[in-house]
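Below, chain A is the first sequence line, B the second, and so on; all start at residue 1.
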Number of protein chains: 2
Amino acid sequence: MTMERHPSPGRSRRPTIKDVAEAAGVSRSTVSRALTGRGYAASDVRERVLRAAAELGYVPDVMARTLKQQVSRSVGVLVSDLRNPFYAELAAGASREARERGYTMVLADTSLSAEAESEAAEALVALRVAGVVVTPNSSAVSTYLSAHGIPVVEVDRQFAAGSTDGVVVGNRVGARTATSHLVELGHRRIALFIDETDWTTGYERYQGYLEALAAGDIKVEPDLVVSSGWDVADSRRRALDMLRGPGRPTAVFAANNVLAEGVWRAIGELGLRVPADISLVAFDDAPWMSMVSPTVSAVSQNTYGLGATAVRRLSERIEMPDADSVTTVLNVRLISRESTAPPPAI
Amino acid sequence: MTMERHPSPGRSRRPTIKDVAEAAGVSRSTVSRALTGRGYAASDVRERVLRAAAELGYVPDVMARTLKQQVSRSVGVLVSDLRNPFYAELAAGASREARERGYTMVLADTSLSAEAESEAAEALVALRVAGVVVTPNSSAVSTYLSAHGIPVVEVDRQFAAGSTDGVVVGNRVGARTATSHLVELGHRRIALFIDETDWTTGYERYQGYLEALAAGDIKVEPDLVVSSGWDVADSRRRALDMLRGPGRPTAVFAANNVLAEGVWRAIGELGLRVPADISLVAFDDAPWMSMVSPTVSAVSQNTYGLGATAVRRLSERIEMPDADSVTTVLNVRLISRESTAPPPAI
DNA sequence: ATCCCGTGTGGGAACGATGTCACACGCCCT
DNA sequence: AGGGCGTGTGACATCGTTCCCACACGGGAT
């Protein structure tokens, strides 16, 4: 005696196109034509098929369809950290645009880890997604996906500009504007808190900072440039060190919302008054910046639009795989709030 | 002369298991066994196959595999609004847990719209996902998905308790704790800002509020209970109306982070001092609450854990489809900050 | 010498949908 | 009457993978 295994004991099988065909008294081919609208189907037959499909609750199997057609209607979205409102908002924009264009979105949070990133990339290849939007940590993903013939759009930062599409914001201009704003107020000792300078975002923002200082005839002080990691605790600690030490800066430019939060907390803990004692301006406007007191001036990027634009670009790329690659730059604007003022008189 | 159409002109085809088989000089069956580890494969053959696969950059086609096996390794996650940090965090938790368990996550933002929700549900059925985690807007999704034999876990709120699994927080207890906290401080006029009371979250929190009032022998004043929509602007407007009017409450309990933001802004605009003039406590701790001044007391839920737990529950359900459904309740705790104090002396 | 069994391997039929191809039918035109 | 055409339908191969089954080979027991 052998154990008999039934495919799915008890539970009734999902209806397939064959069930619909039998219910409507036609062949599978006819059902396919009637439902997809490609090819002939007499109107009464079409009607019968539609009714049968609805009655059975038939939903075409995307797997089977994709397997046959060799192209899927889903896109992958890889972001660094959903807990950061920046990425969450970006994902939200991507989601809306994907839905609007009839794509299903497969999302993975790569947690800033290279391993998770390549794991996710492999999963997307396995899924045969039509394309991928990624906030890359290295050039590896783009290279890997491109090698598999999958269109990629890099968003926020770029590692493979030239060979893949990109959607970014005016990082250099934004940073320059923010820093210039401080310079114009009379600040000469302006600190910069920056993340990885080997990312295009970090590099560009750093350059913008330098440009603004140069334009104001201010010498760069290496001590005032802090390259911090990607978490609040670290930047808070580094800010505490700097602000407690001698020769404290009169203003800080924090190059992203996480760094800004760390600096903000450090300022609060030291009992410094903003903007009387110190001015603060951030890159990347986060919700809290308009709620705290005083409110924080920030270079605002249209994050939602960033995600939406990336998916739009991706879908264009999917339609035209051989067109030249394009980098789209979205404008940013400085929102001047209460955290910036002339430096304290000495 | 007819137009000849080549399958994919120019671009080289993705390697299939057949290519690997030829490269390794074995049959497809053997490759399958060697790669999946199911069934016999001599170690030297296995080696050869693995090398060939790596050289070709072979990645198994999930579509084909799923089609054959009739069970996929991806789960759907449906959230209301990724721009709300609550849902973003929940999604982040779900993402990590999914990854850990070897599932790919298909995420859709349902934008609080019933249409988007059912559209997304249908897409998930078409994708043959192994299960779905949803923050439901009605019982429709759960019903629909269950009818297609897809396991569902409702998270945050429940519409189909009893028939589907749920993962929620102690809403009633949390709301009672928050309100009692105000009562104990001496408040008698405590306003409640609440979202839809036909959602379990809203209903439970409302009940918790009532219980705390009853325990303090305080009569409920309908004028102090505001059922507001799901956006900051609306709750701000309603709060302005209430706080400007006569008989202003001495404390407000805002039942979610969005409502709390509206109330917070209204309080600021009216120039009221917290907590001297008015106390505020919120359900759902958002990042800004610990950054503003004064900081806002809040009932904190482990949102990340909520998402992670939901996916864990889902994966257990997938393994044991016929077990009784379970509702998991996560504990919450009141984080007492600076926004609560005894009412002003009259 | 024959049988049997354990270890490996390959053939081939699925899975569900699509689309090409062949063909059936009725009509009009020659 | 027969050819041609337009309309509509069904049979069948196919996509890439899995896995059941058949079978080959060699060694040990009878």
Each nucleotide N or O in nucleotides 19-26 of chain D that has a protein N or O under 3.5 Å away: list the pair and distance.
residue : atom : partner : partner atom : Å
dC19(D) : OP1  : Q69(B)  : OE1          : 3.4
dC19(D) : OP2  : R38(B)  : NE           : 3.1
dC19(D) : N4   : S29(B)  : OG           : 3.3

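No side-chain donor-acceptor contact under 3.5 Å links S142(B) and T164(B). Remark: the R312(B) side chain and the S315(B) side chain contain no N/O donor-acceptor pair separated by less than 3.5 Å.
Evaluation of the salt bridge (charged side-chain N to carboxylate O under 4.0 Å, His left out) rule for R101(A) yields E97(A) as partners, not counting sequence neighbours. Partners of D19(B) by salt bridge (charged side-chain N to carboxylate O under 4.0 Å, His left out), not counting sequence neighbours, listed by chain and number: R13(B). Not a single salt bridge (charged side-chain N to carboxylate O under 4.0 Å, His left out) links E122(B) to another residue, sequence neighbours left out. Residues passing the salt bridge (charged side-chain N to carboxylate O under 4.0 Å, His left out) test with D165(B) are R313(B), R317(B), sequence neighbours excluded. Applying the ring-ring contact (aromatic ring centres under 6.0 Å, His included) rule to F86(A) yields no partners; only residues at least two apart in sequence or on another chain are considered. For S138(A), there are no side-chain hydrogen bond (donor to acceptor under 3.5 Å, both in side chains) partners two or more places apart in sequence or in a different chain. When the ring-ring contact (aromatic ring centres under 6.0 Å, His included) test is applied to Y144(A), the partners found at least two apart in sequence or on another chain are H148(A).
Summary of helix geometry: the two end axes of the helix from dA1(C)-dT30(D) to dT30(C)-dA1(D), each defined by five base pairs via their C1' atoms, are inclined to each other by 70° (rounded to 10°).
R73(B) has its CZ atom 17 Å from the C1' atom of dT17(D), to the nearest Å. Rounded to an integer number of Å, the gap from CD of Q70(A) to P of dC15(D) is 8 Å.
Nucleic acid contact for V31(A): none, since no nucleic acid atom lies under 4.0 Å from a heavy atom of the residue.
Pairs of residues two or more places apart, or lying in two chains, never qualify as side chain to side chain donor-acceptor pair (under 3.5 Å) while including a residue from residues 41-51 of chain B.
Side-chain contact check for T309(A) versus L330(A): some heavy-atom pair is nearer than 4.5 Å.
Among T110(A), D109(A), L107(A), the single residue meeting the side chain to side chain contact (heavy atoms under 4.5 Å, CB included) criterion with S95(B) is D109(A).
Heavy-atom distances to DNA chain C give each of L67(A) and D44(B) a nearest nucleotide, and the one nearer the 5′ end belongs to D44(B).
Contacts between residues 54-62 of chain B and DNA chain D, defined by a heavy-atom separation under 4.0 Å, are made by Y58(B), P60(B), D61(B).
Protein chain B contacts DNA chain C over a range whose 5' and 3' limits, counting nucleotides with an atom under 4.0 angstrom from a non-hydrogen atom, are dT7(C) to dG16(C).
Figure legend: R33(A) and Y40(A) shown without cation-pi pairing, the cationic atom not lying both under 6.0 angstrom from the six-membered ring centre and within 45 degrees of its axis.
For the pair T16(B) and dG16(D), the criterion of a side-chain N or O lying under 4.0 Å from OP1 or OP2 is not met.
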